[in-house]
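Structure, as structure tokens:
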Number of protein chains: 2
Amino acid sequence: MRLADLSKRSGVSTATIKYYLREGLLPPGRQINATTAEYDDGHLRRLRLVRALIQVGKVPVATAREVLGHVDDESLGRTIRLGAALWALPQDPEPDEADPAVAAARVEVDRLLELLGWETSRELAPLSPVHRSLVVAVAGLRRLDYPWDAELMAPYGELMMEAARRDLDFLETHAQDSEKVEMAVASAVLFQPVLRALHRLAQEEESARRYGIE
Amino acid sequence: MRLADLSKRSGVSTATIKYYLREGLLPPGRQINATTAEYDDGHLRRLRLVRALIQVGKVPVATAREVLGHVDDESLGRTIRLGAALWALPQDPEPDEADPAVAAARVEVDRLLELLGWETSRELAPLSPVHRSLVVAVAGLRRLDYPWDAELMAPYGELMMEAARRDLDFLETHAQDSEKVEMAVASAVLFQPVLRALHRLAQEEESARRYGIE
DNA sequence: CGTATTGGTGAGCGACACTATCCAAATGCC
DNA sequence: GGCATTTGGATAGTGTCGCTCACCAATACG
């Protein structure tokens, strides 16, 4: 398969594919000679994943490169690779430690994790980018004077834990080992919009049930 | 309160505030004379909401203007205003109707809504931007050969319905009438990152429990 | 043999959220 | 009253980012 074929089969323009190659999001094809390179189905799958990350997940190109680097790192075990890849995904700004809202948010988040009994998350808290994202998000809410507290959020945490269990069950039953890392990354990115849309739909539905459509 | 005071109290630069005024995201202050305009706490609150929409929610300026227009539309009843504002929020591209993945996704989404018994959502399906977002998201998954079907997703739908019920309960108990529309918009935007972070944290936690940290 | 196509590269584009600079009118301090 | 300072308002510029275009010599194809 040559570049033009890859383009046709994926629906991505050759110019964009070249750009991805340049940016290291797509491994180079097998160079046959100065004007021909051969691509395979692996490239096609990788290209789809890249598009998913960038277009659906709005992941910046630089972050995508990092994530994919972890996915490909053969020197690591599967679990670590998966962790590293997911770990690299979030792209939230560093919290401003001088902001009192951030400090308060940190305390409240820790209380929430304690309530939920998420011990691992508490231990990893200082390191985890996801934890940082949560603190930033909560600080944002507090700055707008939202009554956000651990007791109020705990049920949402339980709901998300239930979702997470389903996610992992799904991963175990539906992916062969070699694809698990890739699939986990794709899920993390592609599932998000689905969940969000479901949430909003549920809000519309419940709102209509309570107050009518008018 | 003059422009400079508004800037100090909100932490937003005067240049940016001027930009928002120009873009119609912030109503003009009460003009006292050619060089002085007076702003009040309403402006401060609105400014915070604008920042939340744009910075946290990544809502494009044009969309934010539209959403805020609905929030302010005194000619509508509360429920309609809320609906209109939330409907204007999503900013997903139009689905490509020629794409077979989109058609298949539409069928599967409808089956899901039937399974869940979300009748209102099914009726409103052709109109709702949220429904459209869901179809686009599902089509994206299918294009990557994800085994996505209604039965698999139904439990997630139930979880989101549970979350939606909590959302509305919260809104009813914590906001006075005049602020409900504004608060609903803020929640829709600010809650999203919190939920997402909780979801990822839950995945980390559950993954650690199953496979260890290594 | 000649046209078309290949992969590679540097520069350019369009969208977007600001931001820097000016400006004339008005204020505030002495 | 005088004069530097500050005000709101307008215009043009900046930085970032994900592409996209134009062009190149080398090669493939009919």
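To find a chain, count down the sequence lines: A is the first, B the second, and so on, and within it residues start at 1. Note: hydrogens, waters and symmetry copies are ignored here, and every other heavy atom, side chains too, is used.
- Aromatic ring orientation, A:F191 versus A:F170: tilted (interplanar angle from 30° to 60°).
- When the nearest nucleotides of DNA chain C are assigned to A:R22 and A:Y39 by heavy-atom distance, the more 5′-ward of the two goes with A:Y39.
- End-to-end axis angle of the helix from C:dC1-D:dG30 to C:dC30-D:dG1, from C1' rotation axes over five pairs per end: 10° (rounded to 10 degrees).
- Between the side chain of B:S187 and the backbone N or O of B:M183 there is at least one donor-acceptor pair closer than 3.5 Å.
- Applying the side-chain contact (heavy atoms from CB on, under 4.5 Å) rule to A:R132 yields the partners A:E94, A:P95; only residues at least two apart in sequence or on another chain are considered.
- Distance alone, capped at 3.5 Å, is enough to place a donor-acceptor pair between the A:D40 side chain and the A:H43 backbone.
- Within residues 61-71 of chain A, no residue has a heavy atom under 4.0 Å from DNA chain C.
- For B:Y20, the ring pair (Phe, Tyr, Trp, His ring centres under 6.0 Å) criterion is met by no residue, not counting sequence neighbours.
- Side-chain atoms of A:K58 and B:K58, non-hydrogen and from C-beta on, never get closer than 4.5 Å to each other.
- Residues meeting the side-chain contact (heavy atoms from CB on, under 4.5 Å) test with B:A88, sequence neighbours left out: B:E66, B:V67, B:H70.
- Between chain A and DNA chain C, the heavy-atom contact criterion of under 4.0 Å yields a 5' to 3' nucleotide range of C:dT6 to C:dA11.
- Interface residues of residues 187-194 of chain A facing DNA chain D, ordered by number: none; criterion, heavy-atom separation under 4.0 Å.
- For the segment residues 41-58 of chain A, no residue has any heavy atom less than 4.0 angstrom from an atom of DNA chain C.
- Residues B:R200 and A:L134 form no side-chain contact, since every pair of their non-hydrogen atoms from C-beta on lies 4.5 Å or further apart.
- No side-chain donor-acceptor contact under 3.5 Å links B:D41 to the backbone of B:L44.
- For B:R78, the CZ atom sits in a packed shell: over 12 heavy atoms of surrounding residues, nucleotides or ligands are nearer than 6.0 Å.
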Using distance only, find each side-chain donor-acceptor pair of residues 11-18 of chain B under 3.5 Å and give its atom names and separation, not counting sequence neighbours.
from	atom 1	to	atom 2	distance (Å)
B:S13	OG	B:T16	N	3.1
B:S13	OG	B:T16	OG1	2.9

Quiz item: Would A:E204 and B:W118 count as a side chain to side chain donor-acceptor pair (under 3.5 Å) if you check the C-alpha gap in whole Å, the side-chain angles of each, and the deciding distance to 0.1 Å?
Solution: CA-CA 10 Å; A:E204 284 184 5; B:W118 295 2; over 6 Å; no

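- Within the 3.5 Å criterion, the main-chain N or O of A:V107 finds no donor-acceptor partner in the side chain of A:D110.
- In this structure, CD in B:E205 is found 15.5 Å from CE in A:M160, a value given to the nearest 0.5 Å.
- With salt bridges taken as basic N to acidic carboxylate O contacts below 4.0 Å, none links A:R142 and A:D99.
- Nucleotides of DNA chain D that come within less than 4.0 Å of any heavy atom of chain A span, from the 5' end to the 3' end, D:dG18 to D:dA28.
- Annotation: side-chain contact (heavy atoms from CB on, under 4.5 Å) contacts of B:P28 (sequence neighbours excluded): none.
- Within residues 1-20 of chain A, the residues approached by DNA chain C to less than 4.0 Å at the level of any non-hydrogen atom are A:R2, A:L3, A:A4, A:K18, in residue-number order.
- Separating the CZ atom in A:R65 from the CG atom in A:L26 is a distance of 13.0 Å, to the nearest 0.5 Å.
- We find the CG-CD distance between A:L82 and B:Q203 to be 9.0 Å, quoted to the nearest 0.5 Å.
- With hydrogens and angles disregarded, a donor-acceptor distance shorter than 3.5 Å links the side chain of A:E108 to the backbone of A:A150.
- Atom-to-atom distance recorded for A:R111:CZ and A:D149:CG is 6.5 Å, nearest 0.5 angstrom.
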